[in-house]
Amino acid sequence: MSDLFRSNGSWWAPSSKHAKRTAIGTTAIVLALALITWSVWISPSSPVATAVHHALGVETKAEKKAADAEALQTKLTAAQQQIWKLEGQLKSTTAQSGSRGDQVAQLKAQISSLQSQLGSAQAAAASRSGSSAGGSSGASKSGGSGSGTHTVASGGAATKPNTGPSKDPGPAPVAVPTKQQILDQPTRWYGLYTEQSPFNWSEYDQVSQQVGTATNMVGFFQGFDQDFNAGAVQRSWANGRLPMMTWETVPAGTGNDAKYVAGYTNHDIASGAFDDYLTRYAKAVAANAQPMVIRLDHEMNGSWYNWSEGSAQQNAAGSYVAMWQHVHDVFQANGANDYVVWNWSPSRIDKLGNTKYQTLDYLEEYYPGSADVDWVGMSGYYRTVTEDPTFANTFGRTLAQLRQVAPDKHVLLSEIGATETGGSASGGQKAKWITSLFDALADPANDDVIGFAYFSETATTIVDGTRSTNDWRLNSRSDSLQAFAQGIARTDIDYDLQKVTP
């Protein structure tokens with residue numbers, strides 16, 4: 001070999017003097033390359049190692065962490081869904097007259113247990129995320145690796161930064177419109193109230209399937225002792241429905257015949273007694289960053305609710321407007337009004353009994369003003385089967401006053417229904433009333449009516465001391481269900497809704 005080197009040399013060793021040095025250097029390079037190759041080979045994150053481990057059935061640490069995270073996310077999702085389901089059952093059980101206290105307590109205990117499990121699981125997830133970010137050698141957690149982004153897709157809404165530690169992103173973000181897109185929507189809104197929605201969609205979806213047309217809105221209620229329920233809003237949008245919350249300034253579960261609830265007068269709220277609660281609520285709405293409709297203290301022009309003005313309620317004249325404007329101001333100060341469509345919704349005026357309540361001046365006294373209201377609305381029910389079952393009879397007089405009080409606002413029929421009370425004859429009346437509803441929506445004179453939310457429940461109410469139970473459900477009779485299915489499918493009422501099949 002040495003003779004070869006001396007006589008001919010080599011392209012990489014031109015002289016025998018450098019041959020030994022070159023040979024030694026080559027050997028070192030080969031060993032270094034071998035070590036690098038081996039390091040890459042055995043690295044858990046390398047494609048080679050991954051392929052070998054898969055071939056041998058060996059689970060890498062990275063894969064195990066990913067599998068653990070996936071299993072944990074599945075557990076979290078299942079637990080949250082179960083909580084929502086139990087909350088729906090609890091609301092349903094609480095709403096029924098004569099509901100047993102032990103059933104309510106049992107459901108509350110189940111909810112508490114699941115929430116505790118969910119919290120523990122979330123804490124474990126956060127701990128794992130933190131240890132992964134920091135590494136096993138105690139490396140610094142500061143800098144870019146500790147931040148992330150959470151995108152709320154909202155038809156052009158900006159991405160909001162999350163300056164906390166990186167966390168499991170969870171479910172993919174749901175695309176939602178902006179508040180302005182909701183206000184500008186060219187097609188109408190069709191919503192339903194059912195007993196447990198949006199916590200449980202079972203009955204809601206059943207009615208939708210029977211109707212054959214999907215809704216784009218869902219209604220629900222909250223009391224003034226309940227924190228913002230992000231789950232209700234998120235679940236609504238996850239199902240493609242604009243959430244409309246009727247927010248009552250009394251504790252949840254208060255009967256609609258409770259004219260006075262101590263500590264919850266209009267003055268109490270307007271004077272700041274609930275500012276901590278309202279601030280917390282508004283910040284939560286803003287943080288959730290999904291639009292919703294708030295129908296605050298509806299049917300205020302009647303005499304049966306705690307927020308109506310009068311001696312029985314201990315609310316002075318003008319106190320309702322002061323209360324509304326104060327709540328609106330707190331939301332404005334905390335960024336929540338970017339997401340809230342405020343719906344002012346009095347009751348049908350011609351059924352209020354007292355002729356004073358039926359005047360335009362009386363309704364105007366309750367109007368908070370154009371700056372604090374986005375939509376006006378109304379509750380309108382066909383309650384007596386001896387009435388003429390027409391749109392004009394149920395809504396006409398109230399609509400006329402709404403258009404005078406707020407000529408620059410669109411009108412949402414925020415809570416409507418027709419009764420079955422009165423036997424078989426009422427079934428035919430209900431179907432006629434429903435047909436008249438859609439005939440009116442096709443009339444250009446009602447182009448300012450941007451939709452309705454139908455109260456598809458059976459409910460007992462007390463108005464001016466008179467108790468009545470009515471079956472408002474859309475599917476209470478085949479003829480009324482058929483009338484509604486045909487009406488909502490019409491092409492001349494400016495709806496753009498998806499069809500659904502059983």
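Computed from a predicted structure; not experimentally measured.
I269 CD1 to L278 CG: the interatomic distance, rounded to the nearest 0.5 Å, is 7.5 Å. Interatomic distance, T246 OG1 to L296 CG, rounded to the nearest 0.5 Å: 9.5 Å. Atom CZ of R241 sits about 8.5 Å away from atom OG of S236, to the nearest 0.5 Å. Note: S476 OG to D471 CG = 4.5 Å, rounded to the nearest 0.5 Å. In this structure, N239 CG and Q234 CD are separated by 12.5 Å, a value rounded to the nearest 0.5 Å. Between atom CG of residue L474 and atom CD1 of residue I434 there is a gap of 6.0 Å, rounded to the nearest 0.5 Å.
Side-chain contact check for N337 and Q332: at least one donor-acceptor pair (N or O, by modelled atom type) lies under 3.5 Å. Using modelled atom types and a 3.5 Å distance limit, the side chains of D184 and Q180 yield a donor-acceptor pair. A side-chain N or O of T265 and one of D268 form a donor-acceptor pair less than 3.5 Å apart. Remark: the W304 side chain and the E299 side chain contain an N/O donor-acceptor pair separated by less than 3.5 Å. No hydrogens or angles considered: nothing links the side chains of R383 and T419 as a donor-acceptor pair under 3.5 Å. Counting only N and O atoms by type, the side chains of Q210 and N475 include a donor and acceptor under 3.5 Å apart. Residues Q222 and Y281 bring a donor and an acceptor atom of their side chains to less than 3.5 Å of each other. No side-chain donor from either of H298 and N343 sits under 3.5 Å from a side-chain acceptor of the other.
Side-chain contact between E387 and Y382 is present, with at least one heavy-atom pair separated by less than 4.5 Å. At least one side-chain heavy atom of Y320 sits under 4.5 Å from a side-chain heavy atom of E309. Looking only at side-chain heavy atoms (C-beta outward), S319 and H267 stay at 4.5 Å or farther from each other. Residues F452 and L441 meet the side-chain proximity criterion, which asks for heavy atoms closer than 4.5 Å. When side chains are defined from C-beta on, W307 counts as touching V250, because their heavy atoms get closer than 4.5 Å. Two residues are said to be in side-chain contact when any heavy atoms from C-beta on lie closer than 4.5 Å; W324 and M300 fail this criterion. Residues N216 and L242 fail the side-chain proximity criterion, which asks for heavy atoms closer than 4.5 Å. With contacts defined as side-chain heavy-atom distances shorter than 4.5 Å, the pair Y381/R348 does not qualify.
No more than 12 heavy-atom neighbours from other residues, nucleotides or ligands sit within 6.0 angstrom of CG on D276.
With hydrogens and angles ignored, the 3.5 Å screen pairs no side-chain donor or acceptor of R295 with any backbone N or O of M244.
For the pair K179 and D338, the salt-bridge criterion is not met [side-chain N within less than 4.0 Å of a carboxylate O]. A salt bridge links R490 to D439: one of the charged nitrogens lies within less than 4.0 Å of a carboxylate oxygen.
Aromatic ring centroids of F484 and F438 lie under 6.0 Å apart. Checked against a 6.0 Å centroid threshold, the rings of W342 and F331 count as neighbours. Aromatic rings from F274 and F224 are positioned such that their centres are separated by under 6.0 Å.
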Throw together a table of side-chain donor-acceptor distances under 3.5 angstrom for residues 357-364, partners on residues two or more places apart or in other chains.
from : atom 1 : to   : atom 2 : distance (Å)
T359 : OG1    : K356 : O      : 2.9
T359 : OG1    : Y362 : N      : 3.2
Y362 : OH     : Y366 : OH     : 3.1

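Checked options I182, V233, V341; the residue passing with P291 is I182 (criterion: side chain to side chain contact (heavy atoms under 4.5 Å, CB included)).
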Derivation of the side-chain hydrogen bond (donor to acceptor under 3.5 Å, both in side chains) call for T394 and W433: CA-CA 9 Å; T394 303; W433 182 89; 2.9 Å; yes
Candidate pair Y367 and W344, rule ring-ring contact (aromatic ring centres under 6.0 Å, His included), full reasoning: CA-CA 8 Å; Y367 186 53; W344 179 72; 4.9 Å; yes
Evaluation steps, side-chain hydrogen bond (donor to acceptor under 3.5 Å, both in side chains), between T187 and D496: CA-CA 6 Å; T187 59; D496 183 17; 5.6 Å; no
Worked verdict on Y204 versus Y193 for ring-ring contact (aromatic ring centres under 6.0 Å, His included): CA-CA 8 Å; Y204 195 106; Y193 297 86; 9.5 Å; no
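In this structure, Y277 and W247 have tilted ring planes: the angle between them lies in the 30° to 60° band.
Note on residues 402-413: pairs passing side-chain hydrogen bond (donor to acceptor under 3.5 Å, both in side chains), not counting sequence neighbours, are S370-D408, S370-K409, R403-N446, R403-D448.
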